[in-house]
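What you see is a predicted model, and the numbers here were worked out from it, not measured in a lab. As the structure lists them, so they are numbered: ligands from 1, and atoms in each ligand from 1.
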Amino acid sequence: MKIPFVDLHAQYISIAPEINNAISEVIRESAFIRGKYVNDFEVSFARSSGVKHCISCGNGTDALYIAMKGLGIQQGDEVITTAHSWISTSETITQAGGSVVFCDTDNITFTIDPNKIEAKITPRTVGIVPVHLFGQSADMGAISKIAKNNKLWILEDCAQAHLATYDSRPVGSIGNAGTFSFYPGKNLGAYGDGGCIVTNDDELANWCRKFADHGGKNDHSIEGINSRLDGIQAAILQVKLSHLVKWTKARNEVAQQYNLALANIPQVITPQIGLYRNHSYHLYVIRAEKRDELRAYLLAKGIETSCNYPRALPFYPAYKRLRHVPGDFPVAYQNQSQILSLPIYPELTNKQVCYVADVIKEFYEL
Ligand SMILES: *Cc1c(COP(=O)(O)O)cnc(C)c1O
């Protein structure tokens, strides 16, 4: 059996007529940049995120950068973020003029550990960027309290967590703003790049909208950038958004099947969920003994896996200047040699899940 890590074609096949129609319509109306399809999608996505404003842009990395500029980062301002994420989260802090301050993750959810945030706060700290990694919300209750007590803003990186919730509130609606990615492999993925910022803050929304489009068309009250979602992507995303609740349920079902099938393997820790959270299972990440050998064994049996990510952010060459050592982030450091992402998508069958579990058992000679 061959099981790819992601299978975007399977999803396309399941909705091909709708997608083809949507693309043709945009072409027929030449609504390539901005226009009706982009506006309609922004309204729909804002509603699904439980916020007033959705500002679409070129990708999820731009969304972080634009939002942070909008939150008013000044040169030298410190922003606290998690040691375990995709580099977009931290590189945009630097691009926006801030200084990255990494914080370790907790032992169960792979998200920033609120108990370790306060020790990182200095008079120059201005904000916190929690990441809802793998589809699970960070501990937004504790993070919100810390932010309030220390007058910090919160920007939620929701790139992996469409429709995930904390205390029944959609991610992105809890902090001052949230950002999403519509990269093809994300839970809501375009057929190219895309992203957005969501917020309830009118002023921030207006500023971000302007900045992402040259400081406002023919208004240019500020200098901005060109970061826009195009009409074809917006029309595709609109179609896919109407299936997202169903797809997220299907991902949860696959996760439950994995949890059951992997339950009695002492060398494997299955994903744990923190209190008050609904997971959207962008990734199903186990912690496994002899991870690299297991990964090679699975590949030899036709099962593609991934490592998200091979290193914790502070240990990449890009952050050598911060001179961190493993002891600064013990949990994130230990996880980097144990984490393994198994294939998960709505179309994955129970038979495929059982095959993956059987091969893992075979590897550990159970
Ligand atoms: C994918 C991702 C991003 C960036 O999204 P792009 O659309 O690829 O720029 C940011 N943060 C996290 C955690 C991501 O997974």
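Scanning the protein for heavy atoms near atom 15 (O) of ligand 1, the closest one is Q160 NE2, 2.8 Å. Of the protein's non-hydrogen atoms, D157 OD2, 2.8 Å is the one closest to atom 11 (N) of ligand 1. Summary of contacts: the protein heavy atom closest to atom 9 (O) of ligand 1 is T61 OG1, 2.5 Å.
Polar contact with ligand 1: present for K186 (N/O pair, distance under 3.5 Å). Not a single N or O atom of A159, backbone or side chain, sits closer than 3.5 Å to an N or O atom of ligand 1. Inclusion of W86 in the set of residues having an N or O under 3.5 Å from an N or O of ligand 1 is not warranted. Looking at S88 next to ligand 1, no N or O pair under 3.5 Å apart turns up. When only interatomic distances are considered, the shortest N/O to N/O separation between Y183 and ligand 1 does not fall below 3.5 Å.
For ligand 1 and S85, the ligand atoms under 4.0 Å from any heavy atom of the residue are 13 (C). Close approach of ligand 1 to N59 (heavy-atom distance below 4.0 Å) involves ligand atoms 7 (O), 9 (O). Every atom of ligand 1 is numbered from 1 in the order shown, and the set under 4.0 Å from a heavy atom of V131 is 13 (C).
Screening F5, Y345, Y258 against Y284 for a ring pair (Phe, Tyr, Trp, His ring centres under 6.0 Å) leaves a single residue, Y258. When R47, R209, K52, K36 are each tested for a salt bridge (Lys or Arg N to Asp or Glu O under 4.0 Å) with E42, only one passes: R209.
Between the side chains of Y319 and S90, at least one donor N or O sits under 3.5 Å from an acceptor N or O.
Between F180 and H162, the ring planes lie tilted relative to each other; the angle falls in the 30° to 60° range.
Rounding to the nearest 0.5 Å places CZ of R228 at 5.0 Å from CD1 of I33.
The side chain to side chain donor-acceptor pair (under 3.5 Å) search around H214 returns none, not counting sequence neighbours. When the side chain to side chain donor-acceptor pair (under 3.5 Å) test is applied to E25, the partners found at least two apart in sequence or on another chain are Y37.
For the pair G195 and ligand 1, no heavy-atom separation below 4.0 Å is found.
Counting non-hydrogen atoms of other residues, nucleotides and ligands closer than 6.0 Å to NZ of K249 gives a total of 12 or fewer.
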